[in-house]
Chemist: 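Before I ask anything, here is the structure I am working with.
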Amino acid sequence: MIIASVCIDNPSKEIDRLFDYSVPDSLKESIKIGMRVIVPFGASNKLIQGVVLEINEKSEEEIKYKEIYDIIDEEFILPQDLIKLAYFMKKKYVCTLSEAIYSILPPKMGISECIEAKIITEDCSICSKKEKQFLSMLNKDKYLKIDLKSINIKRADLISMRNRGIIDLKIETKQNLNKKTVQLVRLKDNKKAIELLNNKKLKQQRNIIEYFLNNNINEILLSQLIDILGCSRVTIKSLEEKGVIEIFEREVYREVATEYANYPKHILSHIQRKAFESILNEYREGRRVSLIRGVTGCGKTEIYLNLVEYFINLNYGAIVLVPEISLTPQTVERFKGRFKDKVAILHSRLSDGERYDEWRRISRGEAKIVVGARSAVFAPVENLKLIIIDEEHEYSYKSEQNPKYLTREVAEQRVNLIDGLLVLGSATPSIESYYNVSRGIYNLIEIDERVSGSTLPDVHIVDMRQELITGNRSIFSRELYSSIEENLKNNKQTILFLNRRGYSTFVSCRECGYVCKCSNCDVAMTYHISTNTLECHYCGQTMHIPKLCPKCKSKYIKHFGAGTEKIEQEVKRLFPSARVIRMDMDTTRKKGEHERLYRLFKEHKADILIGTQMISKGMDFKNVTLVGVVAADTMLNLPDFRAAERTFQLLVQVAGRAGRGYDKGKVVIQTYEPEHYSIQLAATQNYNEFYKKEIEIRRFLNNPPFTDLTYFLFTSNNEEELIKICKEIEQEVKRVIPSDFTILGPTPNFISKIKNTFRWNMMIKGCIVDYIDIIDKIIYDKTRATSVKYSIDLNPYSLI
DNA sequence: AGCACGCCGACT
DNA sequence: GTCGGCGTGCTC
């Protein structure tokens, strides 16, 4: 008989293995590796989703296997290279196979059950009270539909009663696939139609027929017909009843992106042409990865477009990855504009149905180019040959959930499997990638010229300590203030950047130093002026500002530090005539709001844009000539070895927003640490110098890329047990790792409590590949049957 | 992770 | 004698 080994859709570690099912004769022909199936699982044979990963012929039938219940679809079959990729992630990022497989697959289309039951016995004596109560609602002659949500009975109880011969069940499963359809109308009977035209009464109906005949229309959307003729649905229905016309349904793909202006092919500049050719030449010589380090505005996208076109013309497919945040208008516009409906877009705001539609278009080979965020690296593109990762250094390329993969590593593995090409692009490549260049692993292309010929902006660093000494206590330095003023006068746009939302960073008592902290989390609460409350940015709890200090009863409660809300208020106060837009999590929470504000600013409907991270990248505003960084060192002092790299990258990105048009841009960076190398070198946009400094520090402190840093986070609401288990784990782990590895911790996390859950962490420095499985086993055994949960993150992007 | 089974104390 | 609370072990 044929046995299929199935990966069950269940992320739990205890059942992280394949389960064998026999394949019924009805499915023998169609079943294939990579197919999604429905299988009964567990004692109650609950039907769940699985993916077939192996098919074997077995002669002996001593083990009683369960049967595969059904196939989910024959359309989408997980290709072999993606299955290999799942195993790769399981090994590298210590996740379950199920987690790996189901992060690759399109969203689970939930399986829902419709259960009907009827009584088949007179004898209810063996039933419990609960069961008797349930039976009283049932019928003996006919099956009744059971809604498990509304009654006090579980699915398992039903199964149990059926097994004891009390009731009989009819269980049907449905997949909520919801393929979307549209209603179309067409003429069915021409003769009848012409006859009807002689009828003097039915004016509306005649209108409809005339419309069909005069415009020689085969078929038309029902909704469109109603719109154009202003007739009612009833009129059309009555025509249908007469058999004159026909209304029919057709499945459609949900419209993901609306309309895109044509984006014509540009002639590449000499430099772009050279980059394009270098990448292809190196690729032909067997080089898998090319890194383009190009200043903002150097025209990387144009190189990407040409690479994609090159491969498409050879009938290959391509994936273009962009950070989620810049997956808004611009990049999409360009790719859709150039390649039209050959492009599929995948981003996190798609509904499950929309995402599923895009997946089908891709796996059917209708869309050969995929533009998407992180998870689009798994897109089942037919004949894939090229993967491009734009803004390669971005943190959104690291997954926060299991599998905690880094997109670049997965992409590299994927092009290795398919003999393809990976192109990375960034103005400020990650230290790891550039290190790979210096080791000769990646091919490097450097572009230091802007395509428009516009020069890089003038950057001014302002020492805020000096401002304070000379009596300026405002959040704007004199230089920034006068620059904004002048920019407004010249009718130019300004961007003010501050990586912190809310009004003030913390609220504290001036007498005793008490800080308003969240009662669930170990963090200071942020004041929000719009709601006049203190909000915890970790658990969302809000509270009112105390009038008196809860500790010393003093009334000197003051705000400290500034957030975007405060900047907005200050700007409005200082420049009352300026039109201001604020973009942060609070103002863009609503769907479509991000895009609306972006367009508003682009169309110069506002003079000043205030925002967090989200305005620092991807946006191209021609009329912006001033960028102000209100506090450059907010991230510099976090306990994280990437703090300097992150600050440098952010400042370069932000500065890149200035002067993209014809006028020279100006950037004002306000800081309390003007001499710090990441700020100094960001001001001169000197990546190479920054890399040299940073890589030496990494080498000296033995941080990535010179070693792996594996981060273990332990959480529990029982602090005592948490500490005890952490210490025991450290002792045991110590015994299995080589002596040149270092263990840091266990220590309380930088944020020691979130939502009443205590957090401790431990880090291991050392090449972990050969040891991670045994360490995982130790931790798994130690934490099982305790309140402690853990997560493992290989080379995390954030240590907080 | 679910879910069933089984053992034990509490209670009509 | 019945109910339900949680510890234990299994899932093809």
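The sequence lines fix the lettering, A, B, ..., with proteins before strands; numbering per chain opens at 1. Here the structure is a predicted model, which is why all the values come from computation and not from measurement.
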Chemist: Determine, for A:Lys13 against A:Asp16, whether the closest basic-nitrogen to carboxylate-oxygen distance falls under 4.0 angstrom.
Modeler: no
Chemist: Please report, rounded to the nearest Å, how far the C1' atom of B:dC3 is from the CG atom of A:Leu47.
Modeler: 15 Å
Chemist: Provide, to the nearest angstrom, the distance between the CD1 atom belonging to A:Ile48 and the C1' atom belonging to B:dG2.
Modeler: 10 Å
Chemist: By ring-ring contact (aromatic ring centres under 6.0 Å, His included), which residues pair with A:Tyr93, not counting sequence neighbours?
Modeler: none
Chemist: Does A:Ile729 reach the side chain of A:Ile725, with side-chain heavy atoms less than 4.5 Å apart?
Modeler: yes
Chemist: Could you please spell out the steps behind the side chain to side chain donor-acceptor pair (under 3.5 Å) verdict for A:Asn756 and A:Asn717?
Modeler: CA-CA 6 Å; A:Asn756 281 325; A:Asn717 43 24; over 6 Å; no
Chemist: Taking all non-hydrogen atoms of both residues, which atom of A:Pro796 and which atom of A:Arg642 are closest, and how far apart?
Modeler: O-NH2, 2.9 Å
Chemist: Which atoms of nucleotides 9-12 of chain C (N or O only) lie under 3.5 Å from a protein N or O atom, and what are those distances?
Modeler:
from, atom 1, to, atom 2, distance (Å)
C:dC12, OP1, A:Tyr21, OH, 3.3
C:dC12, OP2, A:Lys66, NZ, 2.0
C:dC12, O3', A:Asp20, O, 2.4
C:dC12, O3', A:Lys66, N, 3.0
C:dC12, O2, A:Asp20, N, 3.2

Chemist: Whole Å only: how far is the NZ atom of A:Lys46 from the C1' atom of B:dA4?
Modeler: 14 Å
